[in-house]
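This report concerns only the one structure given below.
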Amino acid sequence: MVDATEIDALLNVARRDVLSVSLDVDPTRPEHQVPTPAYRIWLHRAVHQVLAGISGPGRGEALETGRKVLAHVNASRPQGRGLVIFAAPNLWRKYSLPFPLPNLVRFGRPDLVPLLWAMSEYEPYAVLAVDLEHATIAMAYVGRTVVVDDKTLELDTEDWQFKSGRVGTYTRSIGVGIGRGVQADTYDARVAERQRQFWHGVAQATAKALADLHIGRMIIAGREEAASAVREFLPEAVRAHVIGTVPLPSRATIPEIQRRTLPMALADHHRQESALVADLLAAVEADAQAVVGRAPTLRSLMAGEVKTLAVARDLEGDIWQCTQCEYLSARPLRACPICGGSVDQGALRQVLPLLARRHGAALEVIGPVGSAHLVDGLGAVLRYRTQRAAVESVGR
Ligand SMILES: [Zn+2]
């Protein structure tokens, strides 16, 4: 399962001989339904290209790692729509995910950016599917995986789409019992009252589920009448978490609920990403607590000022880091200007998650739409700002 613990473990992989692969293996794409799916062809080219750039004593092992990855992808059918592999001698981590990932091959430190992007893009959300007589509170996860082999994590495709709570505790299916044989006027009144009680109960159960599962957003799905009634019964704090309502036929299946709600969850997330970038740019414009661009962001990061680091998912480019004092530069360096130590060149995207962790900064990986206006693909919201003069010398 891709979770914070897995990410932590990968962040702590200090080695620099890791082949990181992320792939869109979506079996619904026509180009993936042929004997040699397009992603395999892409992967072969990309792996050979990356390996061709490796020289020195590690080359033999890197080639062997590349062969192992290609052989694995050739031999196995995709378990989901996205695939992530981290491979090196004595290291093998594989994640099958229920959504496509950007195609990417990198060598060096593990490249966690695609996984971090996926965790943010597919952040859990709750769904309350409600009609006149039934309600289901469900939770959409990034993807739940089961271990099928040591060090190999596979996706159970039956399992990923939706979970009705951890052990089904939050699935409520409450029928409305209607007593027959009563007089028409009281009958209608009773139905209305039972209906009201039912929706009230549903709203309470929903509020409890969101609190228990620590889920911060919810979609209500169902017929207009039921959806708006339940919404009204929700405590105000919970109603604030409702990102929208989608129509849904009665007794929709879980995959149907997923299919109808996911676009809304994604759209909501993309709005938030765009808003984060817009706020950041506005703050920079106002000379407030934010920076954009590589050199200024790295300066602030090293100075410990960064609260949230915003990184474009498709960020490219290198970083130069002193091996002794960890001085950072966005421009090529021969030797460290601070201590004279030797300097390591590495891919920015493979270093940033670790740097963010070390400097106590939250990391937001922004998808292509949101990051279109993010200058240099990098920016940060600051906690505070040290005096300009004090930081100006850093990072130059
Ligand atoms: Zn140094």
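Please read all numbers here as calculations on a predicted model, not as lab measurements. Remember, it's 1-based here, ligands and their atoms both numbered in the order they're listed. Just the heavy atoms: all of them, side chains too, but no hydrogens, waters or symmetry mates, feed the values below.
Residues Asp24 and Arg81 are not paired through a salt bridge, judged by the lack of any N-O separation under 4.0 Å between the basic side chain and the carboxylate.
Protein atoms that are N, O or S and lie under 2.8 Å from the Zn ion (ligand 1) are these: Cys322 SG, Cys325 SG, Cys336 SG, Cys339 SG.
Atom CG of Asn12 is separated from atom CZ of Arg357 by 7.0 Å, given to the nearest 0.5 angstrom. The CD1 atom of Ile85 sits 5.0 Å away from the NE2 atom of His72 when rounded to the nearest 0.5 Å. Note that CG of Leu11 and CG of Leu355 are 10.5 Å apart. Values are rounded to the nearest 0.5 Å.
Aromatic ring pairs are classed by plane angle as parallel below 30°, tilted from 30° to 60° and perpendicular above 60°; the pair Phe99 and Tyr122 is parallel.
The ring pair (Phe, Tyr, Trp, His ring centres under 6.0 Å) test applied to Phe107 returns no partner, not counting sequence neighbours.
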